[in-house]
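If you're wondering where the values come from, they're calculated on a predicted model, not measured in any experiment.
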Amino acid sequence: MSDRLELAGRALQRPLCNHCLGRLFAFVSRGLSNEQRGVMIRTSMSDAPRSPDRISDCGICRGLFGEIDKFAELCLKESEVYEFSTFLVGTKIDAEIVEREEAFWTEVGAKETESIKAEMNREIGKVLERKLGKIVDFGNPEIVFLIDTRFDRVILDVTPLFVYGRYRKYSRGLPQTRWPCRECRGKGCPRCGGKGRMYESSVQDLVGPIVMKHADGTEDFFHGMGREDIDARMLGNGRPFVAEVRKPRKRALDLASIEREINAGAKGLIEIEGLRSSTRTELRAIKESTHPKTYRVRVRFQHAVDHGKLNELVAALAGKPISQLTPNRVAHRRAHLERKRTVRDIKVESVEGPEVVFVVEADSGTYIKELMHGDEGRTKPNVAEFVGVPCQVLELDVIGIGDTGA
Ligand SMILES: [Zn+2]
Ligand SMILES: [Zn+2]
């Protein structure tokens with residue numbers, strides 16, 4: 001202890017507030033604030049100078065610790081309109097103060113110190129916890145207060161609202177997400193008829209704006225677990241998605257009633273279910289997921305194909321790896337790459353003359369239409385080539401996502 005009293009004696013050659021004194025010993029003991037530590041050290045010394053009458057006379061912080069309540073008030077004012085239950089405080093401290101303090105530590109030989117920024121964050125956090133009745137959360141705060149102590153400015157970082165659900169899509173003309181016009185990028189032009197978009201609506205348009213209206217946010221995003229072609233239906237248990245709303249003012253939403261409102265508004269184009277709140281972590285998992293998909297695909301061959309040949313095809317393709325060069329139909333927006341995928345299973349569901357319905361389970365990201373017609377040899381092997389009869393895809397539905405199929 002005497003070493004520490006000596007250190008305190010050296011430090012108190014200059015005027016220090018109790019915060020800045022206590023911070024020199026921040027890691028000596030737990031359970032006290034730096035201010036309490038400062039008071040304790042001062043009283044345990046026989047000849048310690050009193051703390052400065054005005055905190056602005058402190059030789060390190062120049063009074064910053066006298067402004068904690070003011071910063072807390074700024075945070076309260078900025079966050080008034082937002083509903084949240086957890087938060088975190090971050091501060092920007094004048095570089096001059098930080099440099100002054102670090103030089104001081106070297107000068108007096110202090111080694112168990114804490115940065116001024118860490119103490120400011122914590123002390124403002126404590127005041128806010130008390131005034132707001134909400135708690136500091138280091139992992140997933142709903143609001144982060146970024147306080148610039150130099151200019152008394154607070155910027156709010158509001159965590160988006162994430163809502164999970166699954167959608168079935170019954171329309172063959174609906175993209176998953178809003179698709180801005182390529183010509184005008186959303187402003188409206190003759191090509192898009194002034195609408196600014198390539199399609200009238202989308203799954204996102206039927207879901208996002210309704211969630212956004214209730215959350216009172218500024219912008220919506222839609223993240224699906226993969227996507228189906230515009231002309232493919234999405235059936236079975238539906239496709240998992242996360243709808244994201246930026247800067248939500250409301251978080252406690254009645255999701256069951258929002259789900260009913262979305263389904264009523266969609267007029268049979270889509271149907272959603274299982275709406276519940278979600279997180280950024282789940283959103284990431286959904287974006288990265290590589291579940292296999294099960295499809296039902298109706299194909300018309302140029303002429304009827306005999307059953308024996310179809311049985312051979314099924315036996316030969318099931319479990320087989322295939323190679324797919326980027327299809328012609330998407331080559332304008334995707335890089336030319338070779339994909340290796342596996343056809344996990346393929347079955348013939350029905351045959352009516354030249355029309356055959358297959359049920360195919362394949363790796364995530366398999367181009368199913370191309371697996372059928374071959375895309376001028378860019379997918380190998382493919383159904384048309386194996387059977388020896390060209391074919392076209394009439395209808396494609398996703399009927400299951402995940403190993404279970406549907
Ligand atoms: Zn100070
Ligand atoms: Zn346009």
Side-chain angles (χ1 to χ4, degrees), residues 4-5 7-45 48-79 87-138 141 143-156:
R4 286 177 186 142
L5 287 179
L7 166 58
R10 285 197 300 280
L12 285 169
Q13 298 295 310
R14 73 170 80 184
L16 291 180
C17 74
N18 286 325
H19 288 272
C20 292
L21 176 59
R23 212 163 50 254
L24 291 169
F25 305 93
F27 293 107
V28 174
S29 60
R30 299 202 164 269
L32 291 178
S33 69
N34 287 326
E35 188 182 21
Q36 289 166 325
R37 244 177 234 119
V39 170
M40 226 173 67
I41 290 159
R42 224 182 276 273
T43 49
S44 66
M45 293 169 70
R50 290 177 33 217
S51 55
D53 289 338
R54 285 175 313 173
I55 193 166
S56 55
D57 291 334
C58 172
I60 298 299
C61 73
R62 301 273 155 86
L64 197 58
F65 284 98
E67 299 185 54
I68 285 176
D69 284 333
K70 181 188 71 187
F71 294 134
E73 282 304 321
L74 289 175
C75 294
L76 290 177
K77 197 156 153 282
E78 284 298 317
S79 62
F87 68 94
L88 190 61
V89 174
T91 47
K92 191 172 270 179
I93 308 286
D94 195 335
E96 217 177 279
I97 296 180
V98 175
E99 283 162 22
R100 186 159 61 228
E101 176 161 72
E102 285 170 1
F104 176 58
W105 291 341
T106 312
E107 182 192 317
V108 299
K111 297 197 172 62
E112 294 163 304
T113 58
E114 181 185 40
S115 72
I116 193 166
K117 182 189 174 75
E119 183 178 0
M120 281 300 280
N121 292 350
R122 189 174 57 246
E123 293 303 324
I124 298 169
K126 281 191 215 165
V127 174
L128 284 174
E129 278 190 332
R130 209 167 52 233
K131 295 199 169 181
L132 288 165
K134 305 175 198 295
I135 54 166
V136 168
D137 180 343
F138 292 94
I143 284 194
V144 178
F145 295 103
L146 298 163
I147 307 166
D148 192 330
T149 61
R150 298 165 304 176
F151 308 112
D152 294 350
R153 227 176 17 218
V154 175
I155 293 170
L156 292 194

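- We find the CG-CD1 distance between D137 and I143 to be 12.5 Å, quoted to the nearest 0.5 Å.
- N121 contributes a side-chain N or O that, together with a main-chain N or O of T91, makes up a donor-acceptor pair within less than 3.5 Å.
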**Q.** Trace of the side chain to side chain contact (heavy atoms under 4.5 Å, CB included) decision for L74 with I147
**A.** CA-CA 9 Å; L74 289 175; I147 307 166; 5.6 Å; no
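- A salt bridge is defined here as a Lys NZ or Arg NE, NH1 or NH2 lying under 4.0 Å from an Asp or Glu carboxylate O, and R122 with E119 fails to meet this definition.
- Contact record, L12 with A48: CD1-CB, 4.2 Å, taken as the closest heavy-atom pair.
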Q) Given the rule in the salt bridge (Lys or Arg N to Asp or Glu O under 4.0 Å) test, do K126 and E123 qualify, once you have shown the distances and angles that lead to the verdict? A) CA-CA 5 Å; K126 281 191 215 165; E123 293 303 324; 3.1 Å; yes
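- Contact record, C58 with G63: CB-N, 4.5 Å, taken as the closest heavy-atom pair.
- Rounding to the nearest 0.5 Å places CD of E67 at 7.0 Å from CE of M120.
- Atom CZ of F25 sits about 4.5 Å away from atom CD1 of I41, to the nearest 0.5 Å.
- In this structure, P15 and D57 approach most closely via the heavy-atom pair CG-O, 3.5 Å.
- No more than 12 heavy atoms of other residues, nucleotides or ligands lie within 6.0 Å of NZ in K92, so this atom counts as exposed by the packing criterion.
- D53 has a carboxylate O that lies under 4.0 Å from a charged side-chain N of R50, or vice versa, which qualifies the two as a salt bridge.
- Counting only heavy atoms from C-beta outward, the side chains of V127 and I68 approach each other to under 4.5 Å.
- The aromatic rings of F65 and H19 lie parallel to each other, their planes meeting at an angle below 30°, with 60° marking the opposite boundary.
- At least one side-chain heavy atom of R42 sits under 4.5 Å from a side-chain heavy atom of N18.
- Remark: I135 engages T86, E129 in a side chain to side chain contact (heavy atoms under 4.5 Å, CB included) (not counting sequence neighbours).
- Smallest separation of non-hydrogen atoms from G38 and L21: O-CD2, 3.5 Å.
- Using a 4.5 Å heavy-atom threshold, the side chains of L16 and I60 count as touching.
- Residues T113 and F104 form no side-chain contact, since every pair of their non-hydrogen atoms from C-beta on lies 4.5 Å or further apart.
- L156 is listed as a side-chain neighbour of F145, based on a closest heavy-atom distance under 4.5 Å.
- Across every non-hydrogen atom of S115 and W105, the tightest pair is CA-CH2, 4.0 Å.
- T106 is not listed as a side-chain neighbour of E102, based on a closest heavy-atom distance of 4.5 Å or more.
- A distance of 9.5 Å separates CZ in R150 from CD1 in I93, rounded to the nearest 0.5 Å.
- With rounding to the nearest 0.5 Å, the separation of CZ in R62 from CG in L64 is 12.0 Å.
- C61 and I116 make their closest contact through CB-CD1, 4.0 Å (heavy atoms, listed as atom of the first residue, atom of the second, distance).
- Using a 4.0 Å cut-off between charged side-chain N and carboxylate O, E107 and R10 make no salt bridge.
- Within the 4.5 Å cutoff, the side chain of R37 has no heavy atoms near those of the V28 side chain.
- Rounding to the nearest 0.5 Å places CG of L128 at 11.0 Å from CG of L88.
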(Q) The test is side chain to side chain contact (heavy atoms under 4.5 Å, CB included); show your working for D94 and T149 and say whether it passes. (A) CA-CA 7 Å; D94 195 335; T149 61; 5.5 Å; no
